[in-house]
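First up is the structure itself, then whatever we jot down about it.
By convention in this document, chain letters (A, B, ...) are assigned in the order of the sequence lines, proteins followed by strands, and residues within each chain are numbered from 1.
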There are 2 protein chains.
Amino acid sequence: MPGGETYRSAGVDLEALDEMKERIGALSRVTHSPQVIGAPGGFAGLYRLEGYRQPVLVSSTDGVGTKLRIASLLGHHESLGIDLVNLNVNDILTRGAKPLFFLDYMSMGDLDRQRTDSLLRGMAWACREAGCSLIGGETAQMPGFYTKDSFGLAGFVVGVVELDAMIDGSRTAEGDVLVGMPSSGLHTNGFSLVRKVFDIDGDPAVLYKRYDELNHTLGEALLTPHRCYSPLVEPVLPMINAMAHITGGGLMENLPRVLPAGLCARLEAEAWEVPPIFGIVQSEGNIDDDEMFRVFNMGLGMVAACAPDDVPAVVAATEGRVVGKVVGQSGEARVTIE
Amino acid sequence: MPGGETYRSAGVDLEALDEMKERIGALSRVTHSPQVIGAPGGFAGLYRLEGYRQPVLVSSTDGVGTKLRIASLLGHHESLGIDLVNLNVNDILTRGAKPLFFLDYMSMGDLDRQRTDSLLRGMAWACREAGCSLIGGETAQMPGFYTKDSFGLAGFVVGVVELDAMIDGSRTAEGDVLVGMPSSGLHTNGFSLVRKVFDIDGDPAVLYKRYDELNHTLGEALLTPHRCYSPLVEPVLPMINAMAHITGGGLMENLPRVLPAGLCARLEAEAWEVPPIFGIVQSEGNIDDDEMFRVFNMGLGMVAACAPDDVPAVVAATEGRVVGKVVGQSGEARVTIE
C-alpha cells in the first residue's frame, strides 16, 4: 500500500532521535562516576549506592522557568543546561545531600541539533562540576505544542545524605548567624516579570542594550548561569543548621521555609551589595522594594544559619558574608530587613 | 511608587501556586510509605532507603508524548496522570527494580485548577497501585509558551534492585521463551501518527466517533491508560532473564535493546490477538504492516524472556501468553514475526 501514512510523515523522525541519543550518550559518559552501571538496554539509568549506613535519598525536580525564552532568543542554550543542573543540585543541598545522579527531560517541536547539543553540553559540564553523573534523560519531539522560541525542559536530581547528618532545621536556634552566599545574577527566578518590564517578547533587540552599570549587554547579564553552591558548602556541611535556596519567592518566602516556628530571620540590608542588574530591573519596571524582595534573590543565592563560633569557617568556605541573624519572632513577619 | 510592575501583573500568581501546592501535598500524602520523611522545608523529597545489601538505584524519566493533546481536547486528565506514572515504572521494571518514589514536573500557561488536580489524582492513584511514593514535583507557570490545548508534563521515578538480582540480559539464552503481556491499548506511543491519521487537530469531533469494533468512542479508546506491569511481574522477577517495555519503536526496536548480541526474537503473529484499535488506525491511515510494528505496541505492552520451565509461572502471574522464542541470529534482523 504505497503512499500510506508513516511516523515520519507525521513529524516524528525516529532515526534523527536515535542519532541524537548516541551523541547524548557520548556527552553523558564524561560525567560518570564508577558507581554508574553502563549495562546495555537503556530503559533506565543505573547507579550503585555504596558506603552509606543509613542513607536518605534526597530528590528534586525543577525547570528553568521563562529564562528559557531569553536563552532561545539569543541562541545561548549552554548556560540554560548549566542552570538546569545547578538549581536542582542547590535544592537538595539544603538538606545536606551530595548529588549522585541527574536526568533531564527535553521536549520540542523540532529537534534542532545545535540546541539539544548545547543544552547537553551545559548539563554535562555542570554535572562534572557538581560531581553528579548524568545517567538518563528523554528527548521528546512534540510537533505543534510550543510557540516560537519555546520548548520544554525539566531536570531531576537524586542525592544522598546520612540520616543523622541530614539538615532539617531542628538544630537552628536563636542567635544563629545568617551567612549569605552571593548569587551570580537573577539565577532562574523572576523572568516572567523581567520579560514584561523590558517588553522582551515585543522587541527582543532590547537584550543587546548596554547599561553603564553592567559589563555585558542586558541579555548576557540576564543569562548568567545559576550558581551551584554544592562544592563550596560541602566542606562545612556539618556546621550548617539550616539552609535556604533563594528561588521564586525570594528571601521573604524561602527563609521561613527552613526556620522552626517562633524564629525569625533579621537581615541587615547594608550587609551585602545588591548587584546592579537588580537595580536596573527595579527602575525600568518601577517595582517597589517589597516586590523586588519577594520575586528576586537580590544578590544572595543561598543563605545558611550556623552557630556564631562556626561563622569564620562557613564564610571562608562559601565565599559568603554575614547578612543577619536568627532572632525570636515578635510580630507576624518571619523575615525582616533593616 | 504606585502603579509599578508586579509578578502578578506579569502573569504569575504566587498565591494561586501556593494554594495549589497545599492541595498537591494532601493528595501526595496518601501515597507515602513509612520510608518517606516528611520534614518541613520542602526544597526536596526525602526517602529513607532501608534493608538492601548492595542497592542499585534505577531511574527513568519520560513524558506522555502527544497523547497529551487528546486528553486536553477531551478534558480527561486523570488518565494522563496514570499514564505518566505507569510508563516510567514500567521502564525501571525492565531491570527488575521495585519503584520507591516518583516526582512530576508540570508546566502550563495558566494554572487551570481542574486540570492540575485531575493530573495529580491520576498520579496519586497510579503511585498507590505501584507501591510508589509521590514525594515531590514542580508546577511552573509559563505564560506564552504553549499553543492551545498544550502543556508540559514529565515524570521521574527512582526504584531499587539488589545488584545480584538486577536483570541485565546476560542470563538470556537461545531457547528462552518470550512471554507477551497484553497492553491496554496504544499506551503512550504513536500519537503523533494517530493525530495525523484522524486529523484530530483539524477536527477534534472525530474523537466522539464510534466504531463497531470498539466498546467506546475513538477518544476513549485512545485514552485508555498505559498499563502498569510492576505488581504483576514482581512475584516472578527472579525467573525473568530479560524484559522489554514496548514503547516508541514498537516490538521491532525495543526487543533488540534487551537481547544479547547474536540472539534474535522470533515472534509468532498468530500467538496473540491485536486489539481492534490498531486495525482501525492502520486502515484509516493506510499504514503498512512494518510501520505499524515499528510505531505501536500492537497489543503487547511488555515482553519477557524466561527459561521454558518457568513459562507456566510467568504466564500465570503476568496474565501473559507465549508469543515466541529466543533463537540464534541468522540474518540481519533481530526480530522476526512469522
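When each of B:Gly248, B:Gly169, B:Gly249, B:Ser9 is scored by its heavy-atom pairs under 4.5 Å with chain A, the top score falls to B:Ser9. For chain B, the option among A:Gln35, A:Glu138, A:Gln54 with the highest count of heavy-atom pairs below 4.5 Å is A:Glu138. Highest contact tally toward chain B, considering only A:Thr6, A:Val295, A:Thr94, is held by A:Thr6 [criterion: heavy-atom pairs under 4.5 Å]. Among A:Asp91, A:Val194, A:Asn254, the residue making the largest number of heavy-atom pairs under 4.5 Å with chain B is A:Asp91. Chain B forms more heavy-atom pairs under 4.5 Å with one residue of A:Gly136, A:Ala140, A:Gly159, A:Gly190 than with any other, namely A:Gly190.
Annotation: the span from B:Lys148 atom NZ to A:Thr147 atom OG1 amounts to 15.0 Å, rounded to 0.5 Å. To the nearest 0.5 Å, atom CG of residue B:Leu100 and atom CG of residue A:Leu57 are 7.0 Å apart. For the atom pair CG (A:Asn189) and OH (B:Tyr7), the distance works out to 6.0 Å, reported to the nearest 0.5 Å. Distance check: B:Leu93 CG to A:Phe43 CZ gives 11.0 Å after rounding to the nearest 0.5 Å. In this structure, OH in B:Tyr105 is found 10.0 Å from OG in A:Ser107, a value given to the nearest 0.5 Å. A distance of 12.0 Å separates CZ of B:Phe191 from CE of A:Met142, quoted to the nearest 0.5 Å.
With a threshold of 4.5 angstrom between heavy atoms, A:Val58 approaches chain B through its backbone and through its side chain. Contacts of B:Arg195 with chain A are made by side-chain atoms alone, with heavy-atom separations under 4.5 Å and no backbone atom involved. The part of A:Leu163 that comes within reach of chain B is its side chain, from C-beta onward, which places non-hydrogen atoms under 4.5 angstrom from that chain. Proximity to chain B is limited to the side chain of A:Thr247, based on heavy atoms less than 4.5 angstrom apart. Looking at A:Asp104, only its backbone comes within 4.5 Å of chain B, counting heavy atoms on both sides. In this structure, chain B has no heavy atom under 4.5 Å from any part of A:Ala97. Neither the backbone nor the side chain of B:Ile167 has a heavy atom closer than 4.5 Å to any heavy atom of chain A. Only the side chain of A:Phe101 has a heavy atom closer than 4.5 Å to any heavy atom of chain B. Interface remark: A:Leu255 contributes no atoms to any contact with chain B (heavy atom separation under 4.5 Å).
A donor-acceptor contact shorter than 3.5 Å links the side chain of A:Arg257 to the backbone of B:Gly42. A side-chain donor-acceptor contact under 3.5 Å links A:Arg69 to the backbone of B:Gly144.
Scored by the salt bridge (charged side-chain N to carboxylate O under 4.0 Å, His left out) test, A:Arg294 finds A:Glu253, A:Glu291 as partners (sequence neighbours excluded). Take B:Lys196 and apply the salt bridge (charged side-chain N to carboxylate O under 4.0 Å, His left out) test, not counting sequence neighbours, and it matches A:Glu5.
A:Gly137 and B:Thr61 get closest at one heavy-atom pair: CA-CG2, 3.6 Å.
At least one side-chain heavy atom of B:Leu49 sits less than 4.5 Å from a side-chain heavy atom of A:Leu49. Contact of the A:Met166 side chain with the B:Ile37 side chain is registered, since non-hydrogen atoms from C-beta on lie closer than 4.5 Å. For the pair A:Ser59/B:Ile135, a side-chain contact is recorded, criterion being any heavy-atom separation below 4.5 Å from C-beta on.
Among the candidates B:Tyr146, B:Phe151, B:Phe145, the single residue satisfying the ring-ring contact (aromatic ring centres under 6.0 Å, His included) test with A:Tyr146 is B:Tyr146.
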